[in-house]
Amino acid sequence: MKYSEFFIPTVKDIPSDAEIISHKLMIKAGMIKQSSAGIYSWLPLGFKVLKNIEQIVREEQNNAGANEMLMPTIQSSDLWVKSGRYDDYGKEMLRIKDRSGREMLYGPTNEELITDIFQTYITSYKELPKNLYHIQWKFRDEVRPRFGVMRGREFLMKDNYSFDLNEETAKISYNKMFKAYIKTFLRMGLTPISLRAETGPIGGNLSHEFQILANTGESTLYYDKELESLDPESLDPEKLQSYYAAVDDEHDEAKCPIKKEDLKISKGIEVGHIFYFGTKYSQKLKAYVQDKNGKRIAVHMGSYGIGVSRLVGALIEANHDEKGIKWPMSVAPFKLSIINLMPDDQNCTTMASDYYSNFMAGNIDTLYDDRECSIGKKII
RNA sequence: CGGGGAGUAGCGCAGCCUGGUAGCGCACCUGGUUUGGGACCAGGGGGUCGAAGGUUCGAAUCCUUUCUCCCCGACCA
């Protein structure tokens, strides 16, 4: 991309709205523009990063055998009434009426829809296991959106859903995802810490949340130092899950099972959460399959979420210094930048243009600053 | 949802207390000089002061209502 053709509205004076560093830097770099509380437009530079993150998430999902699809943002209320969550979700759910007065909603998550899709088509144990996902915008009408894109009301999330015949195979699916998550965050240059978590309103009895280390994170984590040096080649989910890790209000020094010298304390930001919740939704939404004996049984489900748009902010929280954002190469908006310091010099300009064409031909996403302006402006 | 704060030019802010018809920096436009770290000089454009109502000869300024946004807390991917 030639800088002269790129829309990148950088600013010197940051709006006083922005409080945390990632939010400030994203505004300064011209990545996002707030549209209303917790709702943002993604300007070209921010959009590139968002897409890079999304692509890593996608590739690791596909590697783990999940099927990408796309479900709508607007859903009808009926499935939610069936699952019982139409009332449970309360004011966080944005409810809308269509022209004929039908009750609709902007989806905060997709368990109901996916379960309905599943039950329409899958009727035999022979078709299991299945794992379906999509990367789609969600809306949760938070009481208090904050921290820029890290806690927006509208956010991009990868969510997937596994379907298995029984608890035993469901746990295999669960661990596959667990492993995919660790790999995903490692590829982004982050340090993921997995913690056993409460299942909350989604229900179920097995759940992990994934935090990434960042000095500015909201949670304080206590964990085995081994978790900081994971090798993606030899990941063993069972072993990983056996390491100690807890958030501060669950950590009790007296009961901590590991030695003090093995314990690390850092700040973290939650970027992913996985759940195994058994047959909670499959029963209510009638997702049954027939087993070998012809008996109809409710499928065992899990759901798995990664906050894609939140990751953009979280990445910056984890990777910046006083000068600005330090992009990990895998998510950087450009891989290389060429700055022509002497645009009036024909040789220099020819050389810069040649380099630019060659890098682009070699598939190296390059930003070429071809503007005729003073040096300082280009380098900052 | 409780507590606090803010809405004045595209962005950052001053003016408000003590009413007299709006100003500064950045950005933008024109001309000139510059060109290895967000250039300089000169000239210029741009504002129903969030909205509505009230008080007053006169309201950005005082009063009432309302909308929006932010921060702290509780809550949460």
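Atom CZ of A/Phe147 and atom P of B/C72 are 6 Å apart (whole Å). In this entry the distance linking CZ of A/Phe275 with P of B/C76 reads 12 Å, nearest Å. The nearest whole Å value for the distance from the CD1 atom in A/Ile21 to the P atom in B/C71 is 15 Å. Put simply, CE on A/Met342 is 16 Å from P on B/U34, counting in whole angstrom units. In this structure, A/Phe139 places its CZ atom 19 Å from P of B/C76, rounding to the nearest Å. What separates OH of A/Tyr89 from C1' of B/C75 is a distance of 13 Å, to the nearest Å. Atom CG in A/Asn160 sits roughly 14 Å away from atom C1' in B/A77 (whole-Å rounding).
When both pairing distances are held under 3.5 Å, B/G10 makes a Watson-Crick or G-U pair with B/C26. When Watson-Crick and G-U wobble pairs are counted only if both distances are under 3.5 Å, B/G2 pairs with B/C72. Pairing partner, B/A39: B/U33, with both Watson-Crick or wobble hydrogen-bond distances short of 3.5 Å. Using the Watson-Crick or G-U wobble rule with both distances under 3.5 Å, B/C62 pairs with B/G54. Pair check for B/G46 finds none; no Watson-Crick or G-U wobble contact set falls under 3.5 Å.
Comparing A/Leu341 and A/Arg146 by the nucleotide of RNA chain B that holds the closest heavy atom to each, the one mapping nearer the 5' end is A/Leu341. Comparing A/Glu270 and A/Lys377 along RNA chain B, the residue whose closest nucleotide (by nearest heavy atom) sits nearer the 5' end is A/Lys377.
Atom name P, nucleotides B/U8 and B/G47: the rounded distance is 15 Å, in whole Å. For the C1' atom pair drawn from B/U61 and B/A42, the interatomic distance equals 35 Å after rounding to whole Å. The gap from the P atom of B/A74 to that of B/C29 amounts to 48 Å, rounded to the nearest Å. The gap from the C1' atom of B/C72 to that of B/U56 amounts to 40 Å, rounded to the nearest Å. For the P atoms, the distance from B/G50 to B/A14 is 14 Å, rounded to whole Å. Taking atom C1' in both B/A22 and B/U48, the straight-line distance is 14 Å, to the nearest Å. Nucleotides B/G10 and B/C57, compared at atom P, are 34 Å apart to the nearest Å. Distance noted for atom C1' between B/C62 and B/C26: 33 Å (whole Å).
No close placement of the A/Tyr161 and A/His134 rings is indicated, their centers lying 6.0 Å or farther apart.
For A/Asp231, the side chain to side chain contact (heavy atoms under 4.5 Å, CB included) partners are A/Glu233, A/Ser234, not counting sequence neighbours. Taking A/Glu218 as the reference, A/Phe147 meet the side chain to side chain contact (heavy atoms under 4.5 Å, CB included) condition, with sequence neighbours excluded. For A/Tyr86, there are no ring pair (Phe, Tyr, Trp, His ring centres under 6.0 Å) partners, not counting sequence neighbours. The side chain to side chain contact (heavy atoms under 4.5 Å, CB included) search around A/Ser282 returns A/Thr279, A/Ala287, A/Ala298, A/Val299, A/Met301, not counting sequence neighbours. For A/His208, the side chain to side chain contact (heavy atoms under 4.5 Å, CB included) partners two or more places apart in sequence, or in a different chain, are A/Tyr174, A/Phe178, A/Arg196, A/Leu206, A/Phe210, A/Gln241, A/Ile274.
For A/Arg153 against B/C76, a side-chain-to-base donor-acceptor contact under 3.5 Å is absent. Between the side chain of A/Arg144 and the base of B/C76, no donor-acceptor pair of N or O atoms lies under 3.5 Å.
When hydrophobic clusters are built by joining Ile, Leu, Val, Met, Phe, Trp and Tyr residues whose side-chain heavy atoms come closer than 4.5 Å, directly or via intermediates, A/Ile338 is not grouped with A/Phe6.
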Please list, pair by pair, any protein nitrogen or oxygen found under 3.5 Å from a nitrogen or oxygen in nucleotides 7-13 of chain B.
unit_1: B/C11; atom_1: O2'; unit_2: A/Asp13; atom_2: O; d: 2.7
unit_1: B/C13; atom_1: OP2; unit_2: A/Ser16; atom_2: OG; d: 3.1

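Checking the phosphate oxygens (OP1, OP2) of B/A77, no side-chain nitrogen or oxygen of A/Gln211 falls inside 4.0 Å. Considering only side-chain N and O atoms, A/Ser374 lies nowhere under 4.0 angstrom from the phosphate OP1 or OP2 of B/U35.
Comparing B/C1, B/U35, B/C71 against the side chain of A/Glu19 picks out B/C71 as the nearest. Closest to the side chain of A/Val143, from the set B/C1, B/C76, B/C26, is B/C1. When the nucleotides B/A77, B/G36, B/U35 are ranked by their closest atom to the side chain of A/Phe155, B/A77 comes out on top.
A/Gly152 comes within 4.0 angstrom of a nucleotide base, judged by non-hydrogen atoms across all strands. Across all strands shown, A/Gln34 has heavy atoms under 4.0 Å from sugar-phosphate atoms exclusively, and none from any base. Residue-level contact check: A/Lys28 touches the bases, meaning some heavy atom is under 4.0 Å from a base atom.
Within residues 68-79 of chain A, no residue has any heavy atom closer than 4.0 Å to RNA chain B.
With no hydrogens or angles considered, no side-chain donor-acceptor pair links A/Tyr222 and A/Glu250 at under 3.5 Å.
Here side-chain hydrogen bond (donor to acceptor under 3.5 Å, both in side chains) pairs that include residues 308-332 of chain A, with residues two or more places apart or in two chains, are A/Ser22-A/Glu317, A/Thr216-A/Glu317. Pairs engaging residues 87-99 of chain A under the side-chain hydrogen bond (donor to acceptor under 3.5 Å, both in side chains) rule: A/Asp98-A/Ser100 [sequence neighbours left out].
One N or O on the side chain of A/Asn340 and one on the backbone of A/Met342 form a donor-acceptor pair closer than 3.5 Å.
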Steps toward side chain to side chain contact (heavy atoms under 4.5 Å, CB included) verdict (A/Lys82, A/Asp116): CA-CA 11 Å; A/Lys82 279 188 198 164; A/Asp116 182 60; 5.6 Å; no
